[in-house]
2 protein chains.
Amino acid sequence: MKAKITLKDIARELEVSISTVSKALKNSEEISRDTKEKVQAFAKLYNYKPNNIAISLKNKRTKNIGVVIPDIVHHFFTTVIRGIEKYANARGYNVIVCLSEESFDKEVINMEMLANGSIDGFIMSLSSETQEKADYNHLKEVTEQGIPVVLFDRITHEVECDKVIIDDELGAYQATKKFIDQGKKKIALITTDDYLSVSEARTRGYRKALEESPMGIDESLILKLPSMELDEAAIKAFLNKMDPDAVLCVNEIFAVYSMRLVQEKGLRIPEDISFIGFTDGVLSKYANPSLTVVAQHGEKMGEVSAKMLIDKIESEAEEETYQTKILEPTLVIRDSIAH
Amino acid sequence: MKAKITLKDIARELEVSISTVSKALKNSEEISRDTKEKVQAFAKLYNYKPNNIAISLKNKRTKNIGVVIPDIVHHFFTTVIRGIEKYANARGYNVIVCLSEESFDKEVINMEMLANGSIDGFIMSLSSETQEKADYNHLKEVTEQGIPVVLFDRITHEVECDKVIIDDELGAYQATKKFIDQGKKKIALITTDDYLSVSEARTRGYRKALEESPMGIDESLILKLPSMELDEAAIKAFLNKMDPDAVLCVNEIFAVYSMRLVQEKGLRIPEDISFIGFTDGVLSKYANPSLTVVAQHGEKMGEVSAKMLIDKIESEAEEETYQTKILEPTLVIRDSIAH
DNA sequence: TTGTACGCGTTATCAG
DNA sequence: CTGATAACGCGTACAA
């Protein structure tokens, strides 16, 4: 076992001073060609690499970014992480992932852990509990300490920081419009409670499209589930009772499960009933029939978030100006609607 | 913006020495009750938290663990990360995630980045390119430096370190046996090239079960795809030509796609043809019909890996003894087979 | 009871 | 051209 070699080791071995070694390795003009060659050769031989921790301490820059998300076993978050990781890596940053598991306390603990010097900035999406309690003190503390934060997807307007969201309202609006244009008469919405910022926005888009149409809104066609968890019984009862000819769902799982239910009743998709979901994940792609979805471009979102964060980290500027980037959703047409 | 406060700040403010502050905060017996109270009150007021980086440098322990995996947009890896994260967090460790994207070079670069002091140990699953090249020097270098490594799922026997795998051979054996017991006569296997350690093991289990049966092995019933990427045309041609009555697939996607193909031909599942896949993800659960799978218990795998790694990190012992933990797979019965 | 000095590994400044 | 010194933030053995 050959342990890592340090500047000091090289200096001792070559009988020069530590600072000479340091400069030689940086190809400083101050050092003679002879010494430089000698040092560099030795360093290469013993595979010298500067210690990140020491450099972090000195520079007060860790080159790490903290990502705090509610859940990782979700296609959307997973694609966001990939986007962040790719971009951050290209700029020399590592990504520390922490899961809040939708819990306020975990979110707070994780942030505190990372905020004590482990990271240069945060990228995060709020846990449902945090959105429900509407308590954002942990975020405010961090930003007050001068640690930059980028919120994505599940955001709040109560914290001053950069934000990245997709236009959920627009996505739902376009999807609902699509149904209307196709002549659908009973357009249902399966969503969750409004404290989740995304569900709230999607519901708004759905309402807007219907309000603009001659049909107007039929409140009984809206099913509000308490959380993103699949409540099979509730969906089944709702679909049986309302018998819609089109359904917009705020996620893939609601949609795919609903499709199976109506198929079991003998309905044909998309002839008798059409479906559109949110999130362009594996489920939508491989469902039978494949599911038309409002794609959220998670990877893009991750990249944009990472770029905003790193730009802020590396900008010397003290100006406190924050922006909110709104990405456009796209409708990915598949076989669950006529086309 | 109130920046982080340091021991030095407190010392200056209270006009005592830095070490007094340090000791006072640790409730050291050496310090008078008066001073301790004064210091602790001040520290609480200004929300003092020790700087992780400084502690890392001093202790030569970062309390970070590096996780290097080929892909994060895959249910299995995602559950493993969750398991790692949960366990590691409970023991005070953070998780740095790096993606190799199935590339050898990225794997090497990521490991080098992290090995320079950023982490106390690695948990990793090999990229397909690495397994194909069978070049493990980057792993060997790291272990030689004394950095503990735990390999999971996609492992190699050429590196001496702890390993965690599931018994892929057993899983495939049990699945194939199930088909045989149900009287299936033409049992096909859709797999990938053998350089992927998991595919190789699964193929072995399939072969073993058939060899033990009166049927024996029909090589033409085995489809070997070059990678985990879905090759729709190849699968279609294969299924049309061979017309099997049971299919074992090494992942969910192959299985779900195959199911759709045979359904389009008018075959009934599971009456005419049955399916079993690997990986218990969302796809299997919500497919139509739902897919019977060999569950790999990713979360458990993550926990076990994290425990092995942290135990090794924290054990003073220099003894170089490595173990391989083999987890048992489970067959999750769903509607793609008779039951 | 408190403070001084040193070390973790690196870099930057300044002196020789 | 080379080296000594200080500093990043903390902890601790040792001195006062």
Side-chain angles (χ1 to χ4, degrees), chain A residues 3-40 42-43 46-64 92 114-120 145-147, chain B residues 3-40 42-43 46-64 113-120 145-147:
Chain A
K4 282 242 106 152
I5 195 175
T6 70
L7 287 185
K8 191 198 275 186
D9 297 328
I10 302 182
R12 183 172 6 85
E13 220 59 40
L14 263 37
E15 298 183 303
V16 289
S17 80
I18 294 179
S19 46
T20 302
V21 176
S22 176
K23 286 172 190 164
L25 289 175
K26 299 194 113 60
N27 240 319
S28 162
E29 295 301 329
E30 297 180 24
I31 307 295
S32 72
R33 223 158 58 95
D34 249 29
T35 326
K36 280 200 281 197
E37 275 169 11
K38 202 174 53 176
V39 171
Q40 288 172 3
F42 191 93
Y46 286 91
N47 192 29
Y48 169 80
K49 293 278 165 52
N51 180 312
N52 290 334
I53 299 294
I55 291 179
S56 292
L57 183 58
K58 181 130 247 298
N59 297 346
K60 302 186 152 207
R61 284 281 161 87
T62 63
K63 288 254 172 186
N64 286 154
L114 295 181
N116 302 141
S118 297
I119 49 93
D120 297 338
Q145 276 175 34
I147 302 178
Chain B
K4 282 244 106 156
I5 195 174
T6 71
L7 287 186
K8 190 198 275 186
D9 298 327
I10 302 183
R12 182 173 6 86
E13 220 58 40
L14 264 37
E15 298 182 303
V16 290
S17 80
I18 294 178
S19 54
T20 301
V21 176
S22 174
K23 287 171 190 162
L25 289 174
K26 298 194 112 62
N27 240 319
S28 161
E29 295 303 327
E30 298 180 21
I31 307 294
S32 71
R33 225 159 56 98
D34 249 29
T35 330
K36 279 201 282 197
E37 275 170 11
K38 202 174 54 176
V39 171
Q40 289 172 3
F42 191 92
Y46 286 90
N47 192 29
Y48 169 79
K49 293 278 166 54
N51 180 311
N52 291 333
I53 298 294
I55 292 178
S56 293
L57 184 58
K58 179 138 247 302
N59 298 346
K60 302 187 153 203
R61 284 281 162 86
T62 62
K63 288 253 174 187
N64 286 154
M113 237 179 129
L114 296 181
N116 302 143
S118 298
I119 50 92
D120 296 337
Q145 276 173 33
I147 302 178

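Note that the structure is a prediction, hence the values are computed from the model and not measured. Numbered from 1 within each chain, the chains take letters A, B, ... in sequence-line order. When reading the values below, keep in mind they use all heavy atoms of this one structure, side chains included, and skip hydrogens, waters and symmetry mates.
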### Contact boundaries on DNA chain C for chain A, cut-off under 4.0 Å to non-hydrogen atoms
C/dC8 to C/dC14

### Message
Give the residues of residues 21-37 of chain A touching DNA chain C, defined as any heavy atom closer than 4.0 Å, sorted by residue number.
### Response
A/S22, A/K23, A/K26

### Task
Quick one: do B/R12 and B/D9 satisfy side chain to side chain contact (heavy atoms under 4.5 Å, CB included)? Show the steps, please.
CA-CA 5 Å; B/R12 182 173 6 86; B/D9 298 327; 2.7 Å; yes

### Message
So which atom in B/A115 and which in B/I147 form the shortest heavy-atom distance, rounded to 0.1 Å?
### Response
O-CD1, 3.8 Å

### Query
Side-chain N or O of A/K58 less than 4.0 angstrom from OP1 or OP2 on D/dA6?
no

### Message
Which heavy atom of B/S118 sits nearest to which heavy atom of B/T62, and what is that distance?
### Response
O-OG1, 3.4 Å

### Message
Would the distance check show the side chain of B/K36 and the main-chain N or O of B/S28 forming a donor-acceptor pair, the cut-off being under 3.5 Å?
### Response
yes

### Task
Return the set of residues passing salt bridge (charged side-chain N to carboxylate O under 4.0 Å, His left out) with B/E30 (not counting sequence neighbours), or none when no residue passes.
B/K23

### Query
With sequence neighbours excluded, what pairs up with B/K49 under the side chain to side chain donor-acceptor pair (under 3.5 Å) test?
B/N47

### Task
Only counting residues at least two apart or in another chain, list the ones meeting side chain to side chain contact (heavy atoms under 4.5 Å, CB included) with B/I18.
B/L7, B/K8, B/A11

### Query
Per the end-axis method with five pairs at each terminus, what is the bend angle of the helix from C/dT1-D/dA16 to C/dG16-D/dC1, to 10°?
70°

### N/O donor-acceptor pair under 3.5 Å between A/N52 side chain and B/M113 backbone
yes

### Task
Report the residues that fulfil salt bridge (charged side-chain N to carboxylate O under 4.0 Å, His left out) with B/K63, sequence neighbours left out, ordered by chain and then residue number.
none

### Message
Could you walk me through whether B/T6 and B/N51 satisfy the side chain to side chain contact (heavy atoms under 4.5 Å, CB included) test, starting with their C-alpha distance in whole Å, then the side-chain angles of each, then the deciding distance to 0.1 Å, before giving a yes or no?
### Response
CA-CA 8 Å; B/T6 71; B/N51 180 311; over 6 Å; no

### Closest non-hydrogen atom pair between B/I5 and B/Y48, with its separation
O-CD1, 3.3 Å

### Stretch residues 48-57 of chain B: residues that reach within less than 4.0 Å of DNA chain D through a heavy atom
B/Y48, B/P50, B/N51, B/A54, B/I55

## Note on the structure
With sequence neighbours left out, the residues meeting side chain to side chain donor-acceptor pair (under 3.5 Å) with A/S22 are none

### Query
Given the rule in the side chain to side chain contact (heavy atoms under 4.5 Å, CB included) test, do A/T35 and A/L14 qualify, once you have shown the distances and angles that lead to the verdict?
CA-CA 9 Å; A/T35 326; A/L14 263 37; over 6 Å; no

## Note on the structure
Across all chains, not counting sequence neighbours, the side chain to side chain donor-acceptor pair (under 3.5 Å) partners of B/T20 are B/S17

### Query
Do any of residues 9-18 of chain B sit with a heavy atom less than 4.0 Å from DNA chain D, and if so which?
none

#### Entry: With A/N116 via side chain to side chain donor-acceptor pair (under 3.5 Å) - residues at least two apart
none

